[in-house]
Asker: 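I'd like to ask some things about the structure below.
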Amino acid sequence: MANATETSHLYQTYARNDIEVERGEGVWLVARDGRRFLDFSAGIAVNALGHAHPHLVEALKRQAETLWHVSNLFQVPGQEKLSARLCEASFADRVFFTNSGAEALECAIKTARRYHHVNGAPERFRILTFEGAFHGRTLATIAAGGQKKYLEGFGPKVEGFDQLPFGDHEALKAAAAQADVAAILVEPIQGEGGIRSVPAQCLRGLRELCDANGLLLIYDEVQTGVGRTGTFYAYEQSGAAPDLLASAKGLGGGFPLGACLATEEAAKGMTAGTHGTTYGGNPLAMAVGNAVLDVVLAEGFLEGVRERALQFKQALGGLLDRYPDIVEDVRGEGLLVGLKMRVANTDFVAAMRAEGILGVPAGDNVVRLLPPLVVTAEEIREGVRRIEAAAAALSFGQTRKSA
Ligand SMILES: *Cc1c(COP(=O)(O)O)cnc(C)c1O
């Protein structure tokens with residue numbers, strides 16, 4: 001293991017930890033060496049129903065024995081069913097299926113530009129985004145995110161994306177009034193950026209600004225969607241619906257699946273031949289996506305998520321009181337929780353790992369805690385106990401250092 005990077009043939013693009021995962025059981029991961037971890041990283045908000053959820057396993061097995069792939073030259077009943085359910089559960093009328101979050105965003109960006117094109121305003125192609133945003137790793141989505149560390153060395157930044165400071169209303173108003181702008185793209189809560197929420201009244205303000213200037217509003221709900229924040233999509237809590245929305249991560253529960261959701265009006269330019277994908281909407285992905293919705297949209301499920309979230313937030317509030325030298329703030333919505341740290345977030349994630357619990361570092365020196373949505377009250381208690389043990393270990397270390 002120690003020499004993995006010397007013997008590996010993989011691109012060395014990831015800072016991997018030393019855990020070799022053998023299997024997953026609900027909210028637990030079991031390593032080859034027998035270590036067991038409470039998984040509050042959940043594949044970065046992907047494993048919404050934990051690991052090896054029996055209903056998902058059954059749906060995937062059944063589909064695997066029936067039909068894997070046919071291409072989008074054929075009718076795919078699973079796509080019809082899943083799109084109808086997503087529209088029923090949201091603002092949308094139309095859905096395009098993809099394999100990932102970045103592809104869902106590419107579809108949303110193309111749809112927004114095409115909308116203005118068919119409206120006779122092809123000069124309207126610029127998309128306004130926000131500093132600290134993360135929208136994926138394709139050439140267009142790194143331009144949309146605008147972060148130097150992801151753009152550097154990859155040639156000219158794709159044209160047509162302008163980053164605005166987070167929370168600067170005047171700059172936003174001025175930018176939105178320009179004649180070449182097509183849309184505003186925003187995460188209701190920045191995930192990679194450090195669990196930074198856009199207040200509900202600001203989302204409503206964005207909606208009004210878009211309407212006043214003839215712009216489309218695009219939400220990136222790749223991380224916040226599918227129950228993660230306690231409602232099916234996070235925007236519901238603001239009452240400000242978008243024209244386009246990118247969804248992925250939790251939508252497939254671990255099977256690669258994304259979707260671009262649109263109103264009929266916003267999608268009107270996306271006629272036959274304008275967009276396509278080989279694997280998007282693949283029958284295996286559709287079977288799993290429909291199975292995820294069976295669980296997440298079942299009566300009372302999201303209410304349960306909100307109850308667990310409240311329990312988690314309150315317990316973490318106690319941790320904040322007891323370890324003000326380690327934790328500065330608890331933020332987020334539902335089970336998308338961020339701990340703003342006073343120690344290095346990567347050190348804290350390592351200390352958590354030593355206590356048998358997994359979290360994910362994010363920007364702004366935050367540790368993300370993303371338990372699967374099926375987490376029980378008892379597992380939340382156990383998780384907080386382990387997080388507190390990590391805080392105690394680091395706090396003790398600090399005291400000794402300064403003594
Ligand atoms: C993960 C993520 C993406 C990119 O999704 P991929 O499936 O990795 O392409 C885009 N936006 C947000 C908010 C994300 O969290």
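Indexing begins at 1, ligand by ligand and atom by atom, following the structure's order.
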Asker: Using side chain to side chain contact (heavy atoms under 4.5 Å, CB included) as the criterion, list what pairs up with A133, not counting sequence neighbours.
Answerer: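 Side chain to side chain contact (heavy atoms under 4.5 Å, CB included) check on A133 returns H135, E187, Q190.
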Asker: Under the criterion side chain to side chain donor-acceptor pair (under 3.5 Å), I'd like the reasoning laid out for T129 against Q163: C-alpha separation, chi angles, the key distance, then a yes or no.
Answerer: CA-CA 5 Å; T129 66; Q163 283 76 44; 3.1 Å; yes
Asker: Go through it in stages, so that I can follow the logic: the residues are E103 and T277, the test is side chain to side chain donor-acceptor pair (under 3.5 Å), and I'd like the CA-CA distance, side-chain angles, deciding distance and then a yes or no.
Answerer: CA-CA 9 Å; E103 287 169 288; T277 162; 4.6 Å; no
Asker: Side chain to side chain donor-acceptor pair (under 3.5 Å): which pairs involve residues 338-360, sequence neighbours left out?
Answerer: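 Side chain to side chain donor-acceptor pair (under 3.5 Å) check on residues 338-360 returns K340-D364.
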Asker: Using a strict cut-off of under 4.0 Å between a residue heavy atom and any atom of ligand 1, list the qualifying protein residues by chain and number.
Answerer: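 Residues S100, G101, A102, L105, F134, H135, G136, E187, D220, V222, Q223, K249 each place a heavy atom under 4.0 Å from ligand 1, listed by chain and number.
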Asker: Would you say the ring centers of F125 and H117 fall short of 6.0 Å from each other?
Answerer: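 Centroid distance F125-H117: not below 6.0 Å, so no.
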Asker: Determine all donor-acceptor pairs shorter than 3.5 Å in which one atom belongs to a side chain in residues 32-40; sequence neighbours excluded.
Answerer:
from, atom 1, to, atom 2, distance (Å)
R32, NH1, E20, OE2, 3.4
D33, OD1, R35, N, 3.1
D33, OD1, R35, NE, 3.3
D33, OD2, R35, NE, 3.0
D33, OD2, R35, NH2, 3.2
R36, NH1, E25, OE1, 3.4
D39, OD1, S41, N, 3.0
D39, OD1, S41, OG, 2.6
D39, OD1, A42, N, 2.9
D39, OD2, H51, NE2, 2.7

